[in-house]
Amino acid sequence: MLKRLDDNPEKTVTVTIEGQPVEVPAGETVAAAVLASGIGYTRTTPVSGSPRAPFCLMGVCYECLMIIDGQPNQRACKEYVAEGMTIERQHGTGVLQT
Amino acid sequence: MKDHYSLVIVGAGPAGLAAAVNAAHHGLDVALLDEQPAPGGQIYRAIESIPAERSSLLGAEYQRGSELVSVLRDSSIEYYPDTQVWSLNRKLEIGLVCSNTAAMITANQILLANGAMERPLPFPGWTLPGVMNAGAGQILFKAHGIVPADGVVLAGSGPLLLLLAWQYLHAGVKIKAILDLTPVHNHLRALPYLPRALLAGHYLMKGMAYKKELKRAGISTLHNISELRASGREQLESISFRQNGRQHVLETELLLTHFGVIPHTQLSRAAGCRHDWDSSQQCWRPQLDEWGNSSIDGILIAGDGGGIGGARTAEHAGRLAALEALHQLAKIDQRQRDRLGRKDRKWMREDLHVRPFLEAFFHIPGKLLRVPDDGTIVCRCEEVTAGEIRMAVANGHSDSNQVKFQTRCGMGPCQGRQCADVVENIIAATGGDSIARGGHYRGRPPVTPLTLGQLASLYPEEKE
């Protein structure tokens with residue numbers, strides 16, 4: 001659906017998206033990395049369980065809520081990728097892991 | 001970060017940058033807070049880090065941002081990136097969170113320069129993965145060099161659609177179609193404003209040049225489109241629409257829509273600033289005087305957050321608001337303020353000549369705004385449909401806050417950013433209060449989510 005114009009970036013980090021290690025350019029937002037990875041939906045809604053994906057990418061729609069490094073309800077468009085980061089879809093309401 | 005400044009500016013886009021530089025130039029201690037990791041706002045996003053090749057694809061208007069940002073870097077301004085403002089009140093206290101730690105700071109003058117957001121406009125299927133705002137497509141392009149891989153459909157109404165199409169064309173992106181939802185009769189509506197718009201004719205020339213280039217490249221723009229609908233199971237698969245009485249279907253897995261931009265008023269509303277409905281811009285905007293003073297003493301607003309004027313006007317308004325802050329702080333007297341602001345005021349007036357024309361030309365038809373299809377989701381967070389809102393109005397709930405309590409529409413994580421205006425439009429069309437009278441959702445802090453841990457960090461001495 002989406003592709004990177006430059007597929008040979010200078011600096012990359014390795015993150016885990018839904019259990020799969022993926023090498024992504026440093027400096028990317030999580031939402032951008034996830035969209036480019038082609039995993040499709042990034043959360044399901046708490047009400048009907050329908051799939052959603054990032055919509056505005058500027059922090060106003062809250063559609064891109066994901067679990068990042070175990071923390072639920074993170075706006076993927078506001079977080080930046082980091083080495084070793086784990087990124088997971090959020091199914092329904094975000095639940096704090098204790 | 002200190003706990004008090006003479007001037008705190010929220011937002012490092014064109015308005016905030018220009019204001020900060022102007023205020024610091026006159027010796028004011030300024031803190032510039034911005035949620036992004038680098039300055040530029042959405043319009044000049046990634047301006048410092050973008051590769052030259054990509055920057056040239058985005059055009060000269062974008063590259064203009066690098067000068068603004070470099071002036072900031074050479075200044076004495078305390079600039080705080082990655083800083084989210086979650087609260088503002090009439091005592092001029094600002095709640096912020098930075099590096100996972102919350103803080104409250106105060107200021108003598110506060111300038112909100114937090115810009116605009118895209119106008120949310122629900123249509124059937126707009127919640128499907130694969131449907132995004134055109135602005136989102138542009139952010140992916142600007143900041144990350146990410147573009148549609150297998151073609152894209154652009155749909156809606158507004159100058160950004162044209163600009164994005166032109167940028168995509170230069171990046172070699174396949175544009176399957178541009179669907180123009182602007183009603184044809186808008187041309188007539190806009191005609192009386194054309195003479196004034198010609199005074200800022202370069203905008204019109206640029207738009208026409210983009211159109212011409214797209215046409216020459218063989219990209220089809222379909223005009224007079226209605227009944228846009230996105231379909232798919234877990235992901236967008238196709239879209240349908242009506243043109244001149246005929247139904248069409250197009251297969252695509254990516255649809256970028258745009259229906260203009262509106263001021264992002266979450267913070268100004270939380271502070272309690274008065275807002276008016278602007279029927280030409282079809283949005284709420286804070287009440288401002290000609291220097292940017294809001295209805296609350298000490299809170300100024302400049303740039304698109306105060307009403308849509310575009311990036312250049314935002315710069316002028318930012319500089320004017322900075323002069324007003326200097327005047328309020330007795331750093332300059334009224335005559336100096338007026339004299340120093342003369343040029344910006346003139347340039348701003350010239351820049352704004354094109355606006356009434358654009359507003360009329362891209363006027364969103366009422367039918368679209370009030371979401372005709374009962375089954376369409378209006379509140380993306382709580383999944384409340386247009387039909388449920390109409391039902392609440394039929395049950396006697398005639399103002400938007402009542403409808404919110406009744407339906408939960410606007411009670412999800414986005415706090416009504418995506419649905420508030422739509423709800424008001426539906427209420428107004430269903431026989432409830434008019435938009436201007438029905439009022440807006442009340443804004444309350446925290447305007448962005450805050451963890452309890454972050455909130456607790458306000459009181460470090462009480463930690464065990």
Side-chain angles (χ1 to χ4, degrees), chain A residues 1-11 24-65 69 71-81 89-90 93-94 96, chain B residues 35-38 42 45-46 49 51 53-54 57 82 84 115 117-118 120 126-133 135-141 143-150 152 171-173 233-236 253-254 264 266 377 379-384 408 412-415 417-418 448-449 451:
Chain A
M1 188 172 79
L2 292 153
K3 64 172 183 194
R4 292 190 181 88
L5 285 172
D6 175 11
D7 46 17
N8 201 2
E10 223 171 88
K11 220 178 133 201
V24 299
E28 243 177 33
T29 61
V30 171
V34 163
L35 282 168
S37 79
I39 65 158
Y41 74 96
T42 53
R43 71 166 184 129
T44 60
T45 60
V47 180
S48 71
S50 63
R52 297 287 175 84
F55 180 68
C56 80
L57 291 186
M58 52 183 284
V60 295
C61 77
Y62 291 74
E63 279 292 11
C64 63
L65 299 180
D69 284 337
Q71 279 274 348
N73 290 326
Q74 302 297 301
R75 278 178 290 173
C77 73
K78 287 284 183 198
E79 301 297 322
Y80 286 78
V81 293
R89 288 180 176 131
Q90 179 167 315
T93 314
L96 271 180
Chain B
E35 60 180 0
Q36 289 191 50
Q42 296 301 346
R45 194 161 163 159
S49 55
E53 199 182 335
R54 196 193 309 157
L57 293 174
D82 292 313
Q84 187 90 48
M117 53 178 262
E118 279 182 89
W126 77 310
T127 53
L128 273 172
V131 181
M132 286 196 285
N133 281 337
Q138 207 191 29
I139 287 167
L140 283 174
F141 187 7
H144 308 300
I146 293 175
V147 296
D150 316 300
V152 60
V173 171
R233 283 162 57 84
E234 291 210 330
Q235 150 78 34
L236 178 69
E253 52 180 24
L254 189 60
H264 192 195
Q266 213 74 10
I377 286 175
C379 175
R380 300 178 68 103
C381 302
E382 294 289 324
E383 294 179 75
V384 182
R408 290 198 58 80
C414 96
Q415 299 182 299
R417 283 169 173 85
Q418 297 292 302
T448 58
T451 65

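Protein chains get the first letters and strands the later ones, always in sequence-line order, with residue 1 at the start of each. What you see below is based on every heavy atom in this structure, not just the backbone, and it leaves out hydrogens, waters and symmetry mates.
- When heavy atoms are compared at a cutoff of 4.5 Å, Thr448(B) approaches chain A by way of both its backbone and its side chain.
- Side-chain contact between Pro54(A) and Cys77(A) is absent, with no heavy-atom pair separated by less than 4.5 Å.
- No side-chain heavy atom of Arg380(B) sits less than 4.5 Å from a side-chain heavy atom of Cys414(B).
- Put simply, of Ala171(B), Ser49(B), Gly145(B), the one with the most heavy-atom pairs under 4.5 Å next to chain A is Gly145(B).
- By number of non-hydrogen pairs under 4.5 angstrom with chain A, the leading residue of Met117(B), Arg54(B), Arg233(B) is Met117(B).
- At a heavy-atom cut-off of under 4.5 Å, chain B is reached by Thr29(A), Ala32(A), Leu35(A), Ala36(A) from residues 29-36 of chain A, listed in order of number.
- Inter-residue side-chain proximity for Asp82(B) and Gln36(B) is flagged as unmet; no heavy-atom pair is nearer than 4.5 Å.
- For Gln42(B), the part lying under 4.5 angstrom from a heavy atom of chain A is the side chain only.
- Annotation: side chain of Gln418(B) is in contact with side chain of Val60(A) (closest heavy-atom distance under 4.5 Å).
- Using a cut-off of 4.0 Å between Lys/Arg side-chain N and Asp/Glu carboxylate O, Glu35(B) and Arg75(A) are scored as not salt-bridged.
- Remark: Arg417(B) is not positioned above the aromatic ring of Tyr62(A), lacking an NZ or CZ atom under 6.0 angstrom from the ring centre and at most 45 degrees off the axis.
- The candidate with the highest count of non-hydrogen atom pairs below 4.5 Å against chain B, out of Glu63(A), Gln71(A), Lys78(A), is Glu63(A).
- Contact annotation: the side chain of Glu53(B) never approaches that of Leu5(A) to less than 4.5 Å [non-hydrogen atoms, C-beta and beyond].
- Comparing Asn73(A), Leu2(A), Thr45(A) by how many heavy-atom pairs each has under 4.5 Å with chain B, the most go to Leu2(A).
- Using a 4.5 Å cut-off between heavy atoms, Glu253(B) contacts chain A through both its backbone and its side chain.
- Comparing Arg45(B), Glu383(B), Gln415(B) by how many heavy-atom pairs each has under 4.5 Å with chain A, the most go to Glu383(B).
- With hydrogens and angles ignored, the 3.5 Å screen pairs no side-chain donor or acceptor of Arg408(B) with any backbone N or O of Val384(B).
- Glu118(B) is linked by a salt bridge (Lys or Arg N to Asp or Glu O under 4.0 Å) to nothing, counting only residues two or more places apart in sequence or in another chain.
- With a 4.5 angstrom heavy-atom cutoff, Gln266(B) does not touch chain A via any of its atoms.
- Judged by distance alone, with hydrogens and angles left aside, the side-chain atoms of Gln74(A) form a donor-acceptor pair with the main-chain N or O of Pro72(A) at under 3.5 Å.
- Contacts of Pro449(B) with chain A are made by both backbone and side-chain atoms, with heavy-atom separations under 4.5 Å.
- Val173(B) has its side chain out of reach of Phe141(B): every pair of non-hydrogen atoms, C-beta onward, lies at least 4.5 Å apart.
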